[in-house]
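What follows is one structure encoded as structure tokens, with my remarks underneath.
Numbers restart at 1 for each chain; the letters A, B, ... are given by sequence-line order, proteins then strands.
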2 protein chains.
Amino acid sequence: MPATIRDVARASGVHISTVSRTFSAPHLVNPETRGRVLACAEELGYRPNRAARALITGRTHNIGLIIADIANPFFPPLIKAAESQARQRDYHVFVADTNEDPIAEEELVHALAKQVDGVLLCSPRMSNSLIEQLSREVPLVVINRQVAGLPCVTMDVGQGTRAAMEHLLDAGHRRIALLSGPRGSWTSREIRRAAGVAVRAGGGELTVLGPNPPTETGGSALAEQVRRAGVTAVLAYNDLMAIGLIEGLDALGLRVPQDVSVVGIDDITLSRLTRPKLTTVATPTAAAGRTAVDMLLQHDSVATRGARGGGRSGTIDDRRTTAQVMLRTELVIRDSTAAAPADGRHRPDAEVVAPGPHRLAGPGRPTVATGGVVAS
Amino acid sequence: MPATIRDVARASGVHISTVSRTFSAPHLVNPETRGRVLACAEELGYRPNRAARALITGRTHNIGLIIADIANPFFPPLIKAAESQARQRDYHVFVADTNEDPIAEEELVHALAKQVDGVLLCSPRMSNSLIEQLSREVPLVVINRQVAGLPCVTMDVGQGTRAAMEHLLDAGHRRIALLSGPRGSWTSREIRRAAGVAVRAGGGELTVLGPNPPTETGGSALAEQVRRAGVTAVLAYNDLMAIGLIEGLDALGLRVPQDVSVVGIDDITLSRLTRPKLTTVATPTAAAGRTAVDMLLQHDSVATRGARGGGRSGTIDDRRTTAQVMLRTELVIRDSTAAAPADGRHRPDAEVVAPGPHRLAGPGRPTVATGGVVAS
DNA sequence: CGCGATGCTGCAAACCTTTGCAGCCGAAGT
DNA sequence: ACTTCGGCTGCAAAGGTTTGCAGCATCGCG
């Protein structure tokens with residue numbers, strides 16, 4: 001039913017190759033002919049079949065974006081940035097969600113492999129070795145994880161964690177908890193490592209709780225454990241968990257930040273909407289999306305993996321060029337952190353009280369401390 | 001570089017057609033042969049090229065999902081539901097975001113057309129006629145809009161709006177504002193229509209503000225206008241706008257719900273996290289996603305639009321079977337609505353006061369009123 | 001007038017699969 | 001012993017496009 005290139009050729013009295021060129025190499029065809037072809041194409045509602053084209057050129061002009069959890073507000077800015085960057089280069093982005101499931105991740109890479117020119121693997125939960133293996137099937141750029149030999153873009157959560165911990169230590173906190181993220185998360189490991197050294201260096205004591213699902217309910221479920229741990233400050237794997245934790249503490253009668261200081265990571269927009277507004281480590285998600293698309297497109301425009309185009313030669317050599325980019329993070333201080341309680345512990349028996357002054361806190365400019373930046 | 005069916009055939013000493021059948025019709029090939037072929041395929045890391053397969057079968061086992069704004073928390077549950085439903089039927093979902101841009105919408109449909117078996121068009125902003133035209137290019141299911149002759153799944157926002165307005169009128173509100181949504185939104189028109197008749201029937205007066213971008217900033221930008229309108233209650237096009245409006249009113253010194261009652265639409269999870277918790281019309285987004293996938297798959301499994309499979313006959317006749325489903329909505333009463341102020345107007349000069357009792361409101365079961373349900 | 005260059009178009013192979021048809025072989029039925 | 005049948009496999013066309021190569025005029029130049 002849909003018009004093919006042949007229909008157009010017949011209608012305009014030229015060979016199919018001329019029709020093809022009209023679309024893919026207009027300068028090679030006589031303007032007059034081209035006009036006639038275009039008219040017929042328009043008339044018949046012809047659109048090139050991208051699948052057929054991909055079959056021979058080896059390039060689909062699509063890129064796949066695999067996301068751990070689309071419901072996490074952390075991702076949409078990244079997705080949008082990737083899409084707009086891709087659109088500028090005449091590419092389309094197909095997003096797929098894995099529900100934090102490593103199996104689904106692998107399956108999706110396979111499914112996408114032949115339908116896209118490359119895949120952006122965002123916050124993968126699978127093993128490094130599997131990622132490496134999959135990268136032989138389709139060009140991969142990894143986001144939020146470092147895998148040796150593959151192009152990666154990560155956030156410098158290590159620096160962000162240090163900044164957060166120093167902020168808390170400066171405020172007099174000594175007993176600090178870390179709510180870690182999901183099993184398999186590179187970011188979570190980085191945070192944990194950095195938190196460990198930073199707290200120790202500051203003479204504090206770190207309690208690690210987890211692994212946990214990186215969601216709001218994952219956070220609220222930890223309120224009881226946080227109370228029992230007797231800490232005065234908490235760093236959460238992400239904002240969602242931090243917000244959930246605040247909810248949970250609230251239900252337990254513990255006030256934030258008077259009794260417990262809470263800091264999140266990501267700086268999702270939601271973190272500015274809750275009460276108290278969340279102190280958090282801002283990660284440049286949009287930049288990550290853009291960068292990842294750039295790396296992917298540069299990486300495979302260099303060596304077109306075309307069907308005919310004479311397969312790329314160096315399988316090992318071009319690893320030299322695979323970049324690993326790490327993006328700067330920033331600590332944004334808002335209303336969920338305060339000086340440690342005088343007795344050095346949160347009060348175990350908080351009475352019910354009208355909400356504290358943070359409710360009235362003005363919209364003043366948030367304090368900002370910068371983290372590090374690295375690239376290689 | 002990637003292994004093709006021919007490589008496997010050579011390696012296992014059979015014809016390519018046997019390899020093909022090993023995967024697509026296993027019962028037609030001798031178990032012994034099949035075993036050998038599978039072994040070789042595994043060995044070589046062979047994966048069928050879905051693009052090539054699609055070229056001949058006419059079915060890609062992909063479905064496209066076009067979304068107005070992926071950053072709107074309304075959509076993720078719909079996306080996830082669609083994905084899981086599709087996965088059960090061995091389909092993959094590709095999500096694309098249009099940034100509320102009608103042009104991008106059209107372009108995406110074209111881009112997806114040949115790479116998917118059908119497209120779910122969610123909250124489209126383009127014209128009905130264009131949608132109808134595009135539906136001749138690829139099977140379409142429309143979500144959040146009714147288009148004659150096309151399968152649609154919508155939410156009964158009309159009933160939800162009526163319930164919300166009755167709730168407000170019962171609470172003594174008479175001057176009510178409606179924050180309408182983006183231009184081109186079917187839902188927004190439905191809400192406006194229903195709001196008009198409901199408020200008039202209740203002896204109230206409706207002020208319509210809009211159209212507006214359906215975002216948090218879109219809502220907060222309207223605070224000033226809402227104040228000037230002198231209304232005591234507001235229904236917003238969606239929760240995001242409602243939450244933004246509450247922020248904006250707060251900045252103006254107007255308290256919700258004491259001075260102004262606010263109700264949203266959608267019941268996104270965020271609406272339970274803000275203070276005050278939002279009264280809102282819950283829409284069954286997950287059900288919508290599932291239903292839409294079902295309608296699409298049923299619709300085109302009936303008549304395979306295969307290349308060879310003898311094109312479908314009835315172009316008009318099968319319209320009889322195109323269903324239009326409308327899903328039930330529910331009014332969820334939380335803390336952002338209250339009785340109208342005694343003087344019938346919000347106080348124009350609110351003093352700064354410690355936050356009201358809604359801060360302490362327990363997690364009690366929300367009151368629920370049911371809306372209608374329709375199907376044809 | 002001849003020659004090469006230039007601009008445009010047609011030809012046909014190739015991309016990777018699926019699938020209708022035909023062929024082969026052994027077994028079962030008559 | 002001859003047919004029939006069934007199970008399995010091979011053959012080749014088809015699907016829609018791109019692209020290197022070759023052919024053909026036309027044109028400019030010497």
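- Rounding to whole angstrom units, CG of residue Leu28(B) and C1' of dT9(D) are separated by 10 Å.
- Put simply, the residue from Leu296(B), Ile63(B), Val138(B) that forms a side-chain contact (heavy atoms from CB on, under 4.5 Å) with Val119(B) is Val138(B).
- In this structure, the CZ atom of Arg6(B) is 12 Å from the C1' atom of dT18(C), given to the nearest Å.
- Nucleotide dC8(C) holds its P atom 10 Å from the NE2 atom of His27(A), rounded to whole Å.
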Distance-only criterion, 3.5 Å: show the donor-acceptor pairs between side-chain atoms of residues 36-47 of chain A and protein atoms not counting sequence neighbours.
from	atom 1	to	atom 2	distance (Å)
Arg36(A)	NE	Ser12(A)	O	3.4
Arg47(A)	NE	His110(B)	NE2	3.4

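- Residues of residues 13-21 of chain A having a heavy atom closer than 4.0 Å to DNA chain C, listed by number: Val14(A), His15(A), Ser17(A), Thr18(A), Arg21(A).
- In plain terms, the two heavy atoms of Leu65(B) and Ala82(B) that are nearest each other are CD2-CB, 4.3 Å.
- By the side chain to side chain contact (heavy atoms under 4.5 Å, CB included) test, Arg89(A) is found to be paired with Gln85(A), Tyr91(A), Asp294(A), Leu297(A), residues two or more places apart in sequence or in another chain being considered.
- With rounding to whole Å, Asp7(A) atom CG is found 13 Å from dG15(D) atom C1'.
- One can place CD of Gln115(B) at 16 Å from P of dG16(D), the figure rounded to the nearest angstrom.
- Across the interface with DNA chain D, nearest-nucleotide mapping of Pro31(B) and Arg53(B) shows Pro31(B) to be the residue nearer the 5′ end.
- Between Leu55(B) atom CG and dT19(C) atom P the separation is 12 Å, expressed in whole Å.
- The distance between atom CD1 of Ile56(A) and atom P of dA14(C), rounded to the nearest whole Å, is 10 Å.
- Distance Ile5(B) CD1 to dT18(C) C1': 8 Å, rounded to the nearest Å.
- Among all heavy-atom pairs drawn from Pro2(A) and Asp7(A), the shortest one is O-OD2, 4.3 Å.
- The two residues Leu150(B) and Gln324(B) make their nearest non-hydrogen contact at O-OE1, 2.8 Å.
- A heavy atom lying under 4.0 Å from DNA chain C marks the following residues of residues 33-51 of chain B, by number: Tyr46(B), Arg47(B), Pro48(B), Asn49(B).
- Residues Pro48(A) and Ile5(A) have side chains not in contact (no heavy-atom distance under 4.5 Å, counting atoms from C-beta outward).
- For the helix from dC1(C)-dG30(D) to dT30(C)-dA1(D), the axis fitted to the five pairs at one end and the axis fitted to the five pairs at the other end meet at an angle of 50° (nearest 10 degrees).
- Applying the ring pair (Phe, Tyr, Trp, His ring centres under 6.0 Å) rule to Phe94(B) yields the partners Phe94(A); only residues at least two apart in sequence or on another chain are considered.
- Under 3.5 Å, the side chains of Asn144(A) and Thr154(A) contain no donor-acceptor pair of N or O atoms.
- Scanning both residues, Gly64(A) and Leu112(A), for their nearest heavy atoms gives CA-CD1, 4.3 Å.
- Checked for salt-bridge contact, Glu105(A) and Arg125(A) miss the test: no charged N lies under 4.0 Å from a carboxylate O.
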